[in-house]
Novice: 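Please see the structure below; I have some questions.
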Amino acid sequence: MLAESTTIDARRHGELLAPAIERVLRDADVTLRDLTAIVAGTGPGPYTGLRVGLMTATALAATAAIPAFGVCTLDALAYATKTPGPFLVATDARRKEVFWARYGDRETRLDGPRVDRPHDLPADLPVVGAGGLLYADVIGPGRVEGPEHPSAAALAALAAGRLATLTDEEAAAIARVPEGRVDSVEKARELGVLGPPRPIYLRRPDAQVPGAPKRVTA
């Protein structure tokens with residue numbers, strides 16, 4: 001790792017991201033043209049935050065003519081932990097729910113990602129992440145471990161490790177962005193740890209295309 005910047009501020013994501021990228025490139029003494037790939041967290045998470053990160057990664061990759069990849073945010077958080085495993089990773093999904101996944105070790109996801117109520121999490125396993133801390137009274141404070149949030153360094157290191165095992169052709173195939181959204185456990189598991197820069201939501205959108213107007217009779 002040459003340089004890193006990690007800021008936890010969900011309300012200023014769009015405002016802080018571009019200056020942070022410029023600062024990290026400057027601290028590492030490189031330019032955008034020196035990069036060979038870009039990776040961004042794919043969630044699961046809220047719509048706006050994921051879109052800001054993934055669209056920025058895609059735009060920068062297109063500018064530099066390099067591939068962009070996505071890494072499940074829960075996988076990056078698991079990779080950053082020192083918990084030997086097995087364990088759960090849980091993040092805040094809002095609406096009194098958590099996004100979670102089960103891991104055999106820091107690089108092996110066994111189940112998920114899923115979205116559930118905190119009391120529906122599998123029992124008797126340590127819980128890593130802000131979701132566990134937020135609902136420690138339900139999950140059990142003795143089960144909660146750190147870190148709360150994934151670091152940029154952990155996400156990049158996990159992606160770099162996976163890329164090192166692939167040929168250029170295999171990496172290019174993964175980076176291609178398919179149509180649609182990842183809104184089910186099955187689709188999310190198909191992507192594995194390293195996938196295209198495609199957001200994982202696990203919820204259907206709140207906004208819906210309105211149907212035909214109802215007919216009114218006098």
Side-chain angles (χ1 to χ4, degrees), residues 1-13 16-17 20-21 23-24 27-28 38-46 48-50 52-54 57 69-94 96-163 188 191-195 199-200 202:
M1 182 183 68
L2 300 180
E4 177 193 14
S5 175
T6 298
T7 303
I8 309 302
D9 191 337
R11 295 184 180 276
R12 301 175 63 208
H13 193 169
L16 297 175
L17 183 55
I21 293 171
R23 183 169 62 254
V24 167
D27 291 346
I38 293 177
V39 62
T42 56
T48 303
L50 290 182
V52 169
L54 291 168
F69 300 94
V71 167
C72 173
T73 306
L74 300 180
D75 292 347
L77 190 49
Y79 188 78
T81 186
K82 296 181 180 179
T83 303
F87 57 89
L88 307 177
V89 171
T91 59
D92 182 17
R94 303 177 185 173
K96 298 182 179 180
E97 293 180 325
V98 292
F99 296 120
W100 69 275
R102 182 166 59 92
Y103 293 82
D105 57 50
R106 63 198 293 257
E107 293 190 59
T108 307
R109 183 179 355 128
L110 301 176
D111 185 30
R114 299 178 181 274
V115 57
D116 285 303
R117 298 285 184 180
H119 61 260
D120 292 327
L121 291 179
D124 303 324
L125 286 177
V127 181
V128 175
L133 185 64
L134 182 62
Y135 297 103
D137 57 333
V138 177
I139 295 171
R143 296 174 59 193
V144 179
E145 302 185 10
E148 292 183 46
H149 305 282
S151 69
L155 187 147
L158 178 57
R162 295 304 171 98
L163 283 172
L191 293 177
V193 173
L194 187 69
I200 300 173
L202 300 189

Novice: What pairs with Thr81 under side chain to side chain donor-acceptor pair (under 3.5 Å), at least two apart in sequence or on another chain?
Specialist: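 Thr81 satisfies side chain to side chain donor-acceptor pair (under 3.5 Å) with Thr83 once adjacent residues are dropped.
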Novice: Could you work out, with side chain to side chain donor-acceptor pair (under 3.5 Å) as the rule, every residue matching Thr6, not counting sequence neighbours?
Specialist: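 Once residues adjacent in sequence are excluded, the partners of Thr6 under the side chain to side chain donor-acceptor pair (under 3.5 Å) criterion are Glu4.
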Novice: Any side-chain heavy atom of Arg109 within less than 4.5 Å of one from Val89?
Specialist: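 Heavy-atom side-chain distance check fails, nothing below 4.5 Å.
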Novice: Start with the C-alpha distance between Asp92 and Tyr135, add both sets of side-chain angles, then the distance that settles side chain to side chain contact (heavy atoms under 4.5 Å, CB included), and finish with yes or no.
Specialist: CA-CA 9 Å; Asp92 182 17; Tyr135 297 103; 4.2 Å; yes
Novice: Please find the pair of heavy atoms, one from Glu145 and one from Pro126, that lie closest to each other, and give the distance.
Specialist: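 Nearest pair, atom of Glu145 first, then Pro126: OE2-CB, 3.5 Å.
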Novice: How long is the straight-line distance from OG1 of Thr42 back to CG of Leu155, given to the nearest 0.5 Å?
Specialist: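 Taking CG in Leu155 and OG1 in Thr42, the distance rounds to 8.5 Å.
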Novice: Please tell me if the side chains of Phe87 and Leu125 come closer than 4.5 Å, counting only heavy atoms from C-beta onward.
Specialist: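 No, side chains not in contact.
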Novice: Of all heavy-atom pairs between Met1 and Ala153, which one has the smallest distance, and what is that distance?
Specialist: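 Closest heavy-atom pair between Met1 and Ala153: SD-CB, 3.2 Å.
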Novice: State the CG-CG distance between Asp124 and Leu88, to the nearest 0.5 angstrom.
Specialist: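 That separation rounds to 10.0 Å.
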Novice: Given side chains that start at C-beta, do those of Val115 and Pro44 come closer than 4.5 Å, heavy atoms only?
Specialist: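 Heavy-atom side-chain distance check fails, nothing below 4.5 Å.
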Novice: Please find the pair of heavy atoms, one from Ala90 and one from Val127, that lie closest to each other, and give the distance.
Specialist: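 Minimum heavy-atom separation between Ala90 and Val127: CB-CG1, 3.9 Å.
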Novice: Can you find a pair of side-chain heavy atoms, one from Arg102 and one from Trp100, that are under 4.5 Å apart?
Specialist: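 Of all side-chain heavy-atom pairs linking Trp100 with Arg102, at least one is under 4.5 Å.
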Novice: Looking only at heavy atoms, what is the nearest atom pair of Ala159 and Val39, with distance?
Specialist: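 Heavy atoms of Ala159 and Val39 come nearest at CB-CG2, 3.8 Å.
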Novice: Compare all side-chain heavy atoms of Ile200 with those of Phe99 and state whether any distance is below 4.5 angstrom.
Specialist: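 Contact flag for Ile200/Phe99 side chains = no.
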Novice: Sequence neighbours excluded, which residues qualify as side chain to side chain donor-acceptor pair (under 3.5 Å) partners of Asp27?
Specialist: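 With neighbours one apart ignored, the set is empty.
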Novice: Drop me the distance from Tyr103's OH to Asp75's CG, to the nearest 0.5 angstrom.
Specialist: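 That separation rounds to 3.5 Å.
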Novice: How long is the straight-line distance from NE2 of His149 back to CG of Leu133, given to the nearest 0.5 Å?
Specialist: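 Between atom CG of Leu133 and atom NE2 of His149 there are 8.5 Å.
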Novice: Please report the shortest heavy-atom distance between Pro113 and Ala101, naming the atom on each side.
Specialist: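 Scanning both residues completely, I find the closest heavy atoms to be CA-CB, 4.2 Å.
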Novice: Using 0.5 Å steps for rounding, measure from the OG1 atom of Thr91 to the CG atom of Leu77.
Specialist: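 These two atoms lie 7.5 Å from each other.
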Novice: When you look at CG of Asp137, are more than 12 heavy atoms from neighbouring residues, nucleotides or ligands closer to it than 6.0 Å?
Specialist: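 Enclosed: over 12 neighbouring heavy atoms sit under 6.0 Å from CG of Asp137.
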Novice: First locate atom CZ of Arg114, then atom CG of Leu74, and finally report the distance between them rounded to the nearest 0.5 Å.
Specialist: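 Here the interatomic distance stands at 12.5 Å.
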Novice: How close do Leu50 and Pro199 get, counting heavy atoms only, and between which atoms?
Specialist: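 So the two residues come closest at CD1-CB, 4.0 Å.
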